[in-house]
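The structure appears below as structure tokens.
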Amino acid sequence: MRFSVYRYNPEVDSGPRMQTYVLEQVPQGMMLLDALLEIKAQDETLSFRRSCGEGVCGSDALNINGRNGLACITPVADLKEPVEVRPLPGLPVVRDLVVDMDKFFHQYRAVQPYLIVHDPDPETERPQSPEDRDKLDGLYECILCGCCSMSCPSFWWNPDKFRGPAALLQAWRFLADSRDQATEHRLQELEGPYRMFRCHTIMNCVDVCPKGLNPTLAINNIKKLMLKHLV
Amino acid sequence: MNLECRKFDALVIGAGGGGLRAALQLSQADASVAVVSKVFPTRSHTVAAQGGMNAALANVSPDNWHWHMYDTVKGSDYLGDQDAIEYMCRAASHLVIELEHQGVPFSRLDNGKIYQRPFGGQSQNFGGAQAARTCAAADRTGHAILHTLYQQNIQARTHFFDEYFAIDLLMDKDGFVLGALVLRIETGELLIIEAKTTLLATGGVGRLFRTNTNARINTGDGMAMVLRAGIPLQDMEFFQFHPTGIAGKGMLITEGVRGEGGYLLNGDGERFMERYAPNAKDLASRDVVSRAIAVEVREGRGCGPDKDHVMLKLDHLGSEIIKKRLPGIRDTCITFLHIDPVEQPIPVFPTAHYTMGGIPTNRYGQVVVPVKQSPEEPIPGLYAVGECACVSVHGANRLGGNSLLDIVVFGRAAGNHIIEFLRENRYHRPMQNAQDSIDRALARLARWEQRREGETVDELRKELQKTMEFYCGVFRTRDVLEQGVKKMLEIEQRVAQATLRDHSQVFNTARIEALELENLVDTGLATVVSALAREESRGAHSREDFPERDDQRWLKHSLYYQEQNRLDYKPVRIKPLTVESFPPKPRVY
């Protein structure tokens, strides 16, 4: 099987290039991460991030044949040859398939992704009905891989000002939590032309999310809640 | 060599649940904290914990901490230290509730309380009916806890050094730990982080074995750093094989599947656990279930064309329960096996999972070593928590649901003790007195920069993993372990001659993997040497040539020193804090 992999090492390369690798054997069920590890065994100068290998840690988000996804849960059998493997688009490349995620994490931190409660803590757990808890499903599972934000043209253009789908999904995760007491504050923080309203419902984020989450729906829910608080 | 130096009150190495819980305690106490992690914090392996965290909340079945303590002592096959176990079980409820307050999205019962499920080795009333003690957020509890703790640290404005790899501890001539030498992966630059206290929270070493449930980052870095500093590792022969890894692949299938009512079948369609554990059946301790599966397969009652695994049946739970309580493992099965557990059973086999052994500590997280007559003298300034540490609350076998508890309880305890230490040790000690350890670490790094032909890191790592799996697996004998020690010593020699092809500075993951391989060699030797010496069967350590537990000779902790692969032993702390001790008795489920 043929792979065309983005290579760039700032210490020696004047610019990026694509390098072809061939794997003679492709066992059944091979994931792209397995293939990259085989390639690295041939050529240890290829750098990429990886850890859990089962789609829960979010390390190995890549652009695979033009589409963002996690290498460890992408079967190579489903991919057209040569498989083009590139770093996530929209962020500076550090080396090869490794991008600088600082701006992505900055936007995550900027939505205050933690429960804000003004009342004193009770001695026991705060009660939450199963129905209220269900509202967090599809939100808390985010693994911060970056597939969504780095597929979003609005984020490509304004990574400094637009929170991006991943961070906005987390903004809604806390707005939707029956235990959180900072609704007004959170909504105010998202006002203005950029922070949330740069979302143009392109829905690339929904299309690529490897966990099947829906940031666009979350953003819509925030907008609806804003409207409700206005009237 | 002039190295950049940064100064903090406290250094935390590792950003899983243990490191982050300690860092939070310190940040909230206004200590300056640096958290060094070789990956972005939410990539840490805590994220992969599925089933839950034990605490006797009694939300589902009658429960109290003392029953939890009994189960943990019994689960440890009486090698656990009962003071630490009492401390952990007493703290459990408080800490689960604290996590809830911090935002963990626990699953809920109809009355709004935290959902709890039954897990292996849990009983009511000291060995009675099955208890339901494991607090869960579906089957993504580790993810929920790790993200919440990271978020709490964002709020507390903890200082993070993401993607920095810790090379070695820096120790002065008086034996104080003064910080660590770390490598910034993005640039290849070295940095000294000076701190009045250093906490190791670097996780386990599941990557010792070819088939394992662990992330690729679990290479025992902190454990190996400790060995190289002349400090022993404790009870390394006790390595947990999880009964239900996906056969041949290793992905974890939570014990929560059996907690929710799933069970194991052999090739004859028999529910074989009834023979091995008539009462607890599929919810016996992990060591018991893993051995039972291995025996079934060995005696020709496995499933599949090669009869090399057993089946985990859960379709009878119904699609609603599976989708609600076990969505993560359902995804994993669909992705990696193309089967939907709503309809089909899952092929499983015991898979390397958890390091019970590790850096010896007391219940404050202080690293302790024998000095003269005292078996447990603290090393000033050095702490360890979580899977890399050995308090020991897990003894010879960890109960499911006790590791998320361990990291939070002892992360917090260590944080509190560090705050006290900082009060009494107000100033940094002079770094020039640690020059020897800086030089040694630099020499080790420089060795990899030699440019010549040699074996590759990748080849040697594969060989090491095969060796450990074959010579130090579920069942062990003297003959096989002796060969294992010999092979590991050979691999150690060959790693010393291995070479790197990539000598660049920017994000050189090959160099990191080389350093990780050294850590695997150090911890692998500790494991196999300790296993050869222990001539009894206890918990996860199962010697076919010594099939019985031998409390007369072996109710003691092993201590492995790297120098000459020397072993020492120290007594188990049998005395709890306030209650009567649980004396060893035959362990049946």
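Side chains are part of it too, since the values below use all heavy atoms of this structure and drop only hydrogens, waters and symmetry mates. In what follows, chains carry the letters A, B, and so on, assigned in the order in which the sequence lines appear, proteins first and then strands, with residues in each chain numbered from 1.
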Evaluate the side-chain contact (heavy atoms from CB on, under 4.5 Å) criterion for residues B:T335 and A:E54: first the C-alpha distance (whole Å), next the side-chain angles of each, then the deciding distance (0.1 Å), finally the verdict.
-> CA-CA 9 Å; B:T335 305; A:E54 51 187 50; over 6 Å; no
Which portion of [X] sits near chain B, non-hydrogen atoms under 4.5 angstrom:
X	result
A:F48	backbone
A:D137	side chain
A:K40	side chain
A:V98	side chain

Interface residue of largest heavy-atom contact number with chain B, from [options], under 4.5 Å:
options	answer
A:I143, A:D100, A:L136, A:D177	A:I143
A:I73, A:L144, A:D43	A:L144
A:G29, A:P113, A:S129, A:A41	A:P113
A:G55, A:P75, A:G58	A:G58

Under 3.5 Å, is there a donor-acceptor pair between the side chain of [X] and the main chain of [Y]?
X	Y	answer
A:R133	B:P105	yes
A:E44	B:L500	no
A:S47	B:F507	yes

Indicate yes or no: does A:D134 engage B:K324 in a salt bridge with an N to O separation below 4.0 Å.
->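 Yes, charged N to carboxylate O under 4.0 Å.
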What pair of heavy atoms forms the shortest contact from [X] to [Y], and how long is it?
X	Y	answer
A:E141	B:R140	CG-NH1, 3.4 Å
A:R173	B:G103	NH2-O, 3.0 Å
A:L33	B:R216	CD2-NH1, 3.8 Å
A:C52	B:A215	CA-CB, 3.7 Å
A:T45	B:D502	CA-OD2, 3.4 Å

Of all of B:Q505, B:K462, B:E459, B:H338, which one pairs up most often with chain A through heavy atoms under 4.5 Å apart?
->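 With the most close heavy-atom pairs to chain A, the winner is B:Q505.
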Max heavy-atom pair count under 4.5 Å with chain A, selected residue of B:I114, B:D458, B:L99, B:V457 =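 Greatest number of close heavy-atom pairs with chain A: B:I114.
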Which bit of [X] comes within less than 4.5 Å of chain A, counting heavy atoms only: side chain, backbone, both or neither?
X	result
B:V39	neither
B:Q102	backbone
B:E513	side chain
B:L146	neither
B:N508	both
B:H143	side chain

Between [atom1] on residue [X] and [atom2] on residue [Y], distance to nearest 0.5 Å:
X	Y	atom1	atom2	answer
A:S51	B:H45	OG	NE2	8.0 Å
A:E131	B:R108	CD	CZ	12.5 Å
B:F40	A:C145	CZ	SG	12.0 Å
A:L46	B:T509	CG	OG1	7.5 Å
B:I97	A:R126	CD1	CZ	11.0 Å
B:I154	A:F105	CD1	CZ	9.5 Å

Around atom [atom1] of [X], are there more than 12 heavy atoms from other residues, nucleotides or ligands closer than 6.0 Å?
X	atom1	answer
A:R17	CZ	yes
A:Q25	CD	no
B:N111	CG	yes

Given side chains that start at C-beta, do those of [X] and [Y] come closer than 4.5 Å, heavy atoms only?
X	Y	result
B:F106	A:Q128	no
B:H101	A:V117	no
A:Y108	B:Y150	yes
B:E98	A:D121	no
B:E163	A:R49	yes
A:E125	B:N59	yes
B:H147	A:Y140	no

Contacts of residues 85-97 of chain A with chain B (heavy atom under 4.5 Å) =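 The stretch touches chain B at A:V94, A:R95.
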Are B:E100 and A:T124 close enough, and set up right, to give a side-chain contact (heavy atoms from CB on, under 4.5 Å), and what steps lead you there?
-> CA-CA 9 Å; B:E100 191 282 320; A:T124 60; over 6 Å; no
